[in-house]
Structures are given as C-alpha cells and as structure tokens.
Amino acid sequence: MRIDSASDALGIYISVPFCRAKCSFCNFASGVSSPATIDRYVGMLCEEIDAAGVTSERLGADLPRFVDSIYFGGGTPSLLAPSQLRTIFAALGRNFEVAGDAEITLESAPGQIADDLLDEAMGLGVNRVSLGVQSFVDRESAAVGRLHTERECVREITRLRAAGLPEVGADLIAGLPYQTAESWNHSLAVASGVGLTHLSVYMLEIDEDSRLGREVLAGGQRFHAHGVPQEELAATLYEQACAMLSQHRFTQYEISNFAAVEHQSRHNKKYWQRAPYIGFGLDAHSMLRRGEGAVRFANPDELKDYVPASRGGQVVLVAEREAFEETIFLGLRMNAGIPTNDLRERFATELVVPCEEAVRELVAEELMLAEDDRWRLTLRGRLVSNEVFGHLLEKVLV
Ligand code: SF4
C-alpha cells in the first residue's frame, strides 16, 4: 500500500478563517474578527509552519520539502494585509522549497481583494484566484448575505483577468433561496461567458452547522429558509449545470468541478488522488506518508482552541482498509474514475473482491460504469454519490 499520487510533491493548505460578514449558508469554521485577532492569528500560523518538521517527526510521518501547490482558503484570505501575506510566504520559504511552476491559489469574495493586496499576491507568485460568487442573481446573493451584485462580480472577474491572473475561478451554489431553473440558467450563462477558467458547482448543504440549514430543518422562515427550493429542483439544477457547462469548455472532471484539462485545480486533485498535503491554521487537515501507510491529522475548528499545543492534535492512522475506502470514495469523485488494475495491485483480494460484486450491482442500476479497466460514476450516480459510496463501503465492511 502507498499514497497514490500523480506527484509526490507536497500540497500546502493555509486556512485564513476571517470574513467581512457571515453568509447564512456557511458551515465553515470562519467568522468576523478584529484586526488584532487576525494579526495574532498570522503569528500563530507562522509558528505552526516553522514547527512543521517537528510535528511530522513526532507523528513519524514523512514531510516532503518540495511543494508544487499552495492554497489559501477560508474564510476570505484576500482580506489579509499585504504585510501579513508576505509574512506567511516568508515562513513557507524558510521551511519548504516551492516549485517555480507551483500553483498558488487565493480564495476571495468579489470586491474584497484590494489593489495593493492583489499586486503583493501576484508578486509573491499567486497565479490563481477563486471567487465565492455563489450566484449571479442579486436577489439570491442578498438572501444569503453575500455583499456583492452581479455587476460587481462581472467587474471583479474582468479586473482580475486584466491584471494578468492566468486562472480565475468561481464557486456557484445550486439550491439557494428563490432559485429557479430560469435564474440558475442566468447564473450559468454569465459564469460561462465572463472569462472564468474554472467553475465549482456545489449543492446547498442543509445541516445543523449553518444558520440557514438549521432554520430549514426547523421549518422556520428566518434567513429566507422558506425560499429554499425542494431537493428535487436542486438535483435538476445540478444536471442543468453539467449539461450546460460542458457546452462552454467547462468539462466536468470531478463531482463539483468543471474546467478544461489545463485549468483543472492541481491542489484539489491532490485530495482526490491521495497525494501528501499539509494544512496550517484553523480546522486545517493533513495527510502524510508514514512508512507503507499514511497518517491524517487535523487542527481544532474553534479559534479559541487553536493554540500551539493543540496543533496536529487529532491524529488518525490510515490502515489498509481505510486507505482502500478512501481510494474508492475519493477516486470515484473524479470523472476519470479508478483504474481497477491499480486497485488489485495495491490492495488485498478480500477488500477488492466484495467491492467488485457491489460495482456489478451498481452498474446494473446504471449508477456506475465498469469499462476500459476503470470504475466511474454515471451522471445519475454522481447525483446520489453518497448512497453509491455507502453501498460500496457496506460490502467492504462485511
Ligand atoms: S465568505 Fe465564504 S467562508 Fe466567509 S462566511 Fe461567506 S461562505 Fe463562509
């Protein structure tokens, strides 16, 4: 067993969990904080980066020094001051060797990346900005607390491209309050014609971790919960996105991600291909090689708990069975699917054979394809991917 990887170079995730306002649907560890808190946090982040070698040694994990992707996520990392961004890059430079062609991504919200920060970021090597647009329809954006309009989004994308950023992507959400097939069509049409190179389409998550989710579950009216479309419509909107985006150079390569091959996200592919990555900051997750296996660890998701002693705190050893399960459910997220020969080579027969039986059943139900020595999800399978993964893993666990 080994960590599967197109490349053994490390991916680094930097969590910057600060936002200008909290969106009602957001279930991330993020919030509004004072400038002093942000400054203190940057200091702790750099301490954690400097201690990465010690942490990995303590966990018995291999920490590659060569890095080919860095991802600033959040939160809204573009709210950092240029000097704070410089400080974080300096810490990364002290501890890692960053490839000349590394993919370096900064998440932002439309209208929340100042000129001086953009200049600094590009000077430091940022070559990809991912914008949390969510909708190009003003009523839908306002309903969930987004601070931008369609006009501002279009202006921002045009500005970033004109500044010379080679990669500008955006996230959209299917299932927002008041969304209809027509309004969604409008968002997709704008997104595919405005000069973006990458699109992520997520389904609205209804759970206890967001204000909107809790209100929907309680059957209430706050946060425009009564405007959230039925689940069936959200599924139709997702299918609409898959059909429409493919006609506009946005080829689906993962359940939620669409781009031409040369614009795919190198960083996110590391997660699905189980390549080594390390995360720094609040709620950041890591997976590193350890001997023949791997180890996962995560930081706390509450700012008050993110203190030096807690970092790399929750540690999980990835045994062969877990590695097999991860290979299945992460690999199937990608349209390229899983090469079955590779699976048979790497894992024990008692894991692979029951899974093959489950795949045959899912192929009969038209939820999966098994051809050319690969397993893949069909479009229907992608819509109910959690059920498909559940069925596969059930067989393996027996
Ligand atoms: S900007 Fe992003 S991270 Fe911040 S609250 Fe909104 S969805 Fe969450």
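Predicted, not measured: the structure shown is a model, and the values here were computed from it. Whatever order the structure lists ligands and atoms in, that order sets their numbers, starting from 1. All residue numbers in this chain count up from 1 along the given sequence.
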Can you name the salt bridge (charged side-chain N to carboxylate O under 4.0 Å, His left out) partners of Glu107, sequence neighbours left out?
none
Glu302 (side chain) donor-acceptor with Lys304 (main chain) under 3.5 angstrom
no
Considering the heavy atoms of Phe25, write down every atom of ligand 1 situated less than 4.0 Å from one of them.
7 (S)
Suppose we screen for side chain to side chain donor-acceptor pair (under 3.5 Å). Which residues come up paired with Gln112, at least two apart in sequence or across chains?
none
Does even one non-hydrogen atom of Arg146 get within less than 4.0 Å of ligand 1?
yes
For Thr149 and Asp138: C-alpha separation, side-chain torsions, deciding distance, then whether side chain to side chain donor-acceptor pair (under 3.5 Å) applies.
CA-CA 5 Å; Thr149 60; Asp138 294 352; 4.8 Å; no
Connected hydrophobic set around Ile206, excluding itself, where side chains approach under 4.5 Å:
Phe25, Val144, Ile173, Leu176, Leu204, Leu212, Val216, Leu217, Phe223, Val228
Can you check the number of protein N/O/S atoms within less than 2.8 Å of atom 4 (Fe) of ligand 1?
1
Is a side-chain donor-acceptor pair under 3.5 Å present for Tyr253 with His263?
no
Would you call the rings of Phe96 and Phe280 parallel, tilted or perpendicular if under 30° counts as parallel and over 60° as perpendicular?
tilted
